[in-house]
Structure formats: structure tokens, C-alpha cells
Amino acid sequence: QVQLVESGGGLVQPGGSLRLSCAASGSILSINDMSWYRQAPGKERDLVAHITSGGSTNYADSVKGRFTISRDNAKKTVYLQMNSLKPEDTAVYYCNADLMRRGTNWYTAYWGQGTQVTVSS
């Protein structure tokens, strides 16, 4: 059994900051790429930020300069530091990770359950 558990969402005023965490647990042999996505009501799920196992990152244009993705491989955790938040950042944020389970030799994409981020005054 493999799980991704997000935390850190909540209500914040415009201009504020939040830090999301996503911890992987279970019978994991290796973790490749990790990402954060978000989905606003009535919209598709979009990529926000991505980080490779080597630490290379890329971001959606809408969050560049405001959000930072990072990871702690020892803790099997990916983070999303969100600064200068705007109302349009309001969405459910999901983490995604390519994981290799013990006993296999291929990577499978797993999703977390999502955490709500609301930016409002």
C-alpha cells in the first residue's frame, strides 16, 4: 500500500503565504518526479510545479517567482512554498509522484487526496 498525504492548506488573505507538504509512505523502493497540480471549481486540473529526482524544477507561468517547489528525498516529501498569494490561486492542490513499489521495476503515478487552498479577504 502506497499513500501520498498532503497537508498545509487553509484560508489565507491575499498577499499571504502557505506551505504545502506531501509525504509518501508505504512499500516504496524509489521516487522519481514529483509535482503539484491544482484544480479550481469548474476547471481542469493543471500543473503548478514539477521537480525531478535530481532537483530540477519548472513552474506554470502564473506562479513563477511566487511559488517554490522542493523535496526531501530522505523524508519522501515534496513541498510547495506559496508566497504573494492571489484570489486566483484558490483551488484544491494535489501532489503527484512517480513511485516504484518494492517488488516491481516500473514507476506508477500516484495522487494525494488534495488539500484546499482559499485566498480571500
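Treat the numbers as computed from the prediction; the structure is a model and nothing was measured.
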(message) With a 4.5 Å cut-off on side-chain heavy atoms, are Asp98 and Ile31 touching?
(response) no
(request) Mind checking the CH2-OG1 spacing from Trp36 to Thr115? Nearest 0.5 Å is all I need. (result) 7.5 Å
(request) Quick one: closest heavy-atom pair of Asn96 and Ala109, and the distance? (result) ND2-CB, 4.0 Å
(message) When you group the ILVMFWY residues by side-chain heavy-atom contacts below 4.5 Å and let the links chain together, are Val2 and Val78 in the same group?
(response) yes
(request) Hey, could you give me the OG/NZ distance between Ser30 and Lys76, rounded to the nearest 0.5 Å? (result) 10.0 Å
(message) Within the structure provided, determine whether Arg101 and Ser27 are in side-chain contact (heavy-atom separation under 4.5 Å).
(response) no
(request) Would you please name every residue forming a side-chain hydrogen bond (donor to acceptor under 3.5 Å, both in side chains) with Asp61, sequence neighbours left out? (result) Lys64
(message) Can you give me the closest heavy-atom contact between Pro14 and Ser120, atom names plus distance?
(response) CD-C, 3.6 Å
(message) I'd like to know if the side chain of Thr90 reaches the main chain of Val119, judged simply by a donor and an acceptor atom lying under 3.5 Å from each other, with no hydrogens or angles considered.
(response) yes
(message) I'd like to know if Leu4 and Leu80 are part of one continuous hydrophobic network [Ile/Leu/Val/Met/Phe/Trp/Tyr, side-chain heavy atoms within less than 4.5 Å].
(response) yes
(request) Check whether any side-chain N or O of Glu6 sits under 3.5 Å from a backbone N or O of Gly114 as a donor-acceptor pair, and report yes or no. (result) yes
(message) Checking Lys43 now: which residues fulfil salt bridge (Lys or Arg N to Asp or Glu O under 4.0 Å) with it, not counting sequence neighbours?
(response) none
(message) Is there a continuous path of hydrophobic side-chain contacts, each under 4.5 Å between heavy atoms, that joins Val92 to Met34?
(response) no
(request) Using only heavy-atom distances, determine whether the side chains of Asn83 and Ser17 contain a donor-acceptor pair under 3.5 Å. (result) yes
(request) For Gln39, look at atom CD and say whether over 12 heavy atoms of other residues, nucleotides or ligands are found less than 6.0 Å away. (result) yes
(request) Determine yes or no for a side-chain-to-main-chain donor-acceptor pair under 3.5 angstrom, with Arg71 supplying the side chain and Asp33 the backbone. (result) no
(message) My understanding is that only residues two or more places apart in sequence, or in another chain, count here; which of them pass side chain to side chain contact (heavy atoms under 4.5 Å, CB included) with Thr57?
(response) Ile51, Tyr59, Ile69
(request) Kindly give the heavy-atom pair with the smallest separation between Tyr79 and Ser21, and that separation in Å. (result) CD2-OG, 3.3 Å
(message) Could you see if Tyr94 belongs to whatever hydrophobic cluster contains Leu99? Use Ile, Leu, Val, Met, Phe, Trp, Tyr and a side-chain cutoff under 4.5 Å.
(response) no
(message) Among residues at least two apart in sequence or on other chains, which ones pass ring pair (Phe, Tyr, Trp, His ring centres under 6.0 Å) with Tyr110?
(response) none
(request) List, by chain and then residue number, the residues other than Leu29 in its hydrophobic cluster (Ile/Leu/Val/Met/Phe/Trp/Tyr, side-chain heavy atoms under 4.5 Å); write none if there are no others. (result) Met100, Tyr107
(message) On the six-membered ring of Trp111, is Arg45 placed so that its NZ or CZ lies under 6.0 angstrom from the centre and within 45° of the ring axis?
(response) yes
(message) List the residues meeting salt bridge (Lys or Arg N to Asp or Glu O under 4.0 Å) with Asp89, not counting sequence neighbours, and say none if there are none.
(response) Arg38, Arg66
(message) Let me check something: do Tyr37 and Leu20 share a hydrophobic cluster, defined by ILVMFWY side-chain heavy atoms less than 4.5 Å apart, either directly or through other members?
(response) no
(request) Take atom CD of Glu88 as the centre, draw a 6.0 Å sphere, and report whether it contains more than 12 heavy atoms from other residues, nucleotides or ligands. (result) yes
(request) Would you confirm whether Gln116, through its side chain, and Gly10, through its main-chain N or O, come within 3.5 Å as a donor-acceptor pair? (result) no
(message) Between Arg102 and Ile28, does the side chain to side chain contact (heavy atoms under 4.5 Å, CB included) criterion hold? Intermediate values first, please.
(response) CA-CA 5 Å; Arg102 292 189 185 278; Ile28 299 168; 6.0 Å; no
(request) For residues Leu47 and Ser35, determine if any side-chain heavy atom of one lies less than 4.5 Å from a side-chain heavy atom of the other. (result) yes
